[in-house]
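Heads up: the structure comes next, in structure tokens.
Below, chains carry the letters A, B, ... as their sequence lines are ordered, and counting in each starts from 1. Keep in mind that this is a model prediction, so the values were computed, not measured.
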Amino acid sequence: MRNPRLLALLAGPLLAALVAFMDTPAGLTLAGQRSLAVLALCVVWWVFTPVGLPVTSIMGLALLPLLGAMPAAEAFALFGNQAVFFVIGVFLVAAVMLETGLSSRISLICLRKFARDENRLCNGVLFVSWGLCAVVVSHAVAALMLPIVLELLRALSLGPRSNTAKRLLLSMAWGTVAGSNLTLLSSARATLSLELYGTYLTKYDLPADPIGFLEYSLGSAPVSLASVLIAALVLRWVFPPEGLDLAPAVKQLDERVKAMGSISRRELSTLAVIATMIVCVVSFGREYGMGTVALLFSAILFSLQTLKWEDAERYVNWGVALMYGGAIAIGSALHSTGATTWLIGVLMPASDISPWATLAGTAVATAGMTELVSNSAVIALVMPVILPVADQVSMDPRVFAWAAPISAGLAFVLPTSTPALAMVFGTGHLRIRHAMPGLIITFFSLLAFLLAARFVWPLIGLPVTP
Amino acid sequence: MNDTRILLAVSTSRYSQHLVDVAMSEAERLSSSGAVAIDVLYILEEEDLQHISKRVGDQGFLGLSTTADVMSTLGAEHHRMALLRIDEVKAAAEPKGFAVSVSEVTGRFVECVLEQAGNTHYETILITRADRPFVSRILFGSEADRVARMVKKEGLGHVIIDEDE
């Protein structure tokens, strides 16, 4: 087959039609069967992306009422949920940080401090990329850091055979991948996961138990920290220093820092608004909803003219709202029709699997999938299916609200996994074999994840086993 | 009398030092029957950049401005890489007395190679495989193999495909 896009485009609806119109299996409702048909189409389209991710979401959303899986009013109402607006807020924060130049200033000043020898410079790129992800969504950090790293390569005259060039580029990519697990602002997938967990509770009339910004970050940050430290060691080991004279790079950084001048009033107000927003999300996010707080502070950014609407349009792809809104509606339909509970009952009839084996298996499978598929799509596919498993193996389903997004952020090898890796591979300096040591980072990060689940999560009230 | 010509087709993702070495061996072999010239065709593959643009926009959900900045940054780096690699070919060829001419084009690899090979008669066309998993080549085909098939069909010269280093 020489046209994989067309194959995937046709396979999705064909598979959906097959699932939708086969005899309804015992124990599954017709609405549940139709929900699974929508899921089948989304699996094929999200995995092979014959169309953009948001297009798959809106197709799924349209099919839910058309096939009778969910009333139209209910499906469309899910578009207005908190998670979608929090994600919009996350991207607006990234937009204002890029537009005002505040993120460039922070990264250049930090890199200048690190630029004393090759090791420190490379570690500087790694840790600055990682640290910025605490506030700015990781893909935007990658887009910000790429030109800075390439400027360093040019200043140092590093060509395609340079190990330092490879190390600097991988430091940027791996720093942002590890950083994507730092906080709820680091990636949108964690918010999607929390919302899918929320819809699961609602549909099964379980007590609402919202997970807060600080709570989530305390559970995910240790894994993120472990990943970045392991990445530093692996990079140092695989790409040892070449003995370069860093003077041209230092000069370049000095010139860039000097050209920026002193910090502007606009940058200061951006800093103040974002810092206050984070404090408010932590303090009031659980009570009023993180989406509400994000909306309020987005409006403040626009009111202060720190961010203009045309800037927001240039920096944010609004498809993000369609992608997440649609994914939440599809997840909700799968829960409310009992489709995923039925599916898990068929796939996992025995319930004697230990919770730890389930957790480890989920993490490994999710981390594996995310090397090939967008991590947002992985969450949209994994979460609705995995949540009913918790009941089968006597686990708290909350565990998966952390487990899925963290392990979906452990893709360190293939350019198909994240935009950051696609960008650094796109420079032409790297081949897949150069990023293969990323498997070591994935392995030890998974280990760190299990250790965090065993020793850290109980401290935030999240025991894996009751 | 016209020189015997070799076409060395390279791009950001299709280049290896070994390919350059193979080109020199081939030029030395052909030089026994007269002067040899090497035409380096450097292709800036638009499709590669479009794939990355798609990932940044559709999967990273970054806006048009950010995506355009990333593309322009990568385009500039591709051009710098092209110059460095062309210098490598010249450094290998010129001491041996082979003339090197260079052209830099933007487009799809297969089309660019076929167009160049159609305009000038080449004794040998040298290309390298992009670094892709074997399974991917089996499932989705190989552009290098496609060039070889088309060149053979059109009778445009002899193709040597080198494995990426």
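Taking chain B as the reference chain and counting heavy-atom pairs below 4.5 Å, the highest number among A:Pro147, A:Pro160, A:Gly159 is found for A:Pro160. Interface remark: of the candidates A:Ser187, A:Gly426, A:Gly52, A:Ala143, A:Gly426 forms the most heavy-atom pairs closer than 4.5 Å to chain B.
Contact annotation for residues 163-174 of chain A against chain B (heavy-atom separation below 4.5 Å): no residues qualify. Contact residues of residues 69-107 of chain B toward chain A are B:Val70, B:Thr73, B:Leu74, B:Glu77, B:His78, B:Arg80, B:Met81, B:Leu84, B:Arg85, B:Glu88 (heavy-atom distance under 4.5 Å).
Residue A:Phe302 places its CZ atom among more than 12 non-hydrogen atoms of other residues, nucleotides or ligands, all under 6.0 Å distant. By the 6.0 Å contact criterion, CG on B:Leu64 is open, its count of non-hydrogen atoms from other residues, nucleotides or ligands being 12 or less.
Residues B:Phe61 and A:His139 are not in side-chain contact: their nearest non-hydrogen atoms beyond the backbone lie 4.5 Å or more apart.
Distance check, rounded to the nearest 0.5 Å: CD of A:Glu310 to OG of B:Ser65 gives 12.0 Å. For the atom pair CG (A:Leu146) and CD1 (B:Ile52), the distance works out to 9.5 Å, reported to the nearest 0.5 Å.
Heavy atoms closer than 4.5 Å to chain B are found in the side chain of A:Ser376, but not in its backbone. In this structure, the portions of A:Thr416 lying under 4.5 Å from any heavy atom of chain B include both its backbone and its side chain. Of the two parts of A:Leu153, the backbone and the side chain both hold a non-hydrogen atom closer than 4.5 Å to a non-hydrogen atom of chain B.
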Under 3.5 Å, sequence neighbours excluded: what are the donor-acceptor pairs made by side chains of residues 83-102 of chain A?
residue: A:Glu99; atom: OE1; partner: A:Arg314; partner atom: NH2; Å: 3.3
residue: A:Glu99; atom: OE1; partner: A:Tyr315; partner atom: OH; Å: 3.0
residue: A:Thr100; atom: OG1; partner: A:Val96; partner atom: O; Å: 2.7
residue: A:Thr100; atom: OG1; partner: A:Leu102; partner atom: N; Å: 3.4

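Scanning for side-chain hydrogen bond (donor to acceptor under 3.5 Å, both in side chains) contacts around A:Glu313 gives A:Trp309, with sequence neighbours left out.
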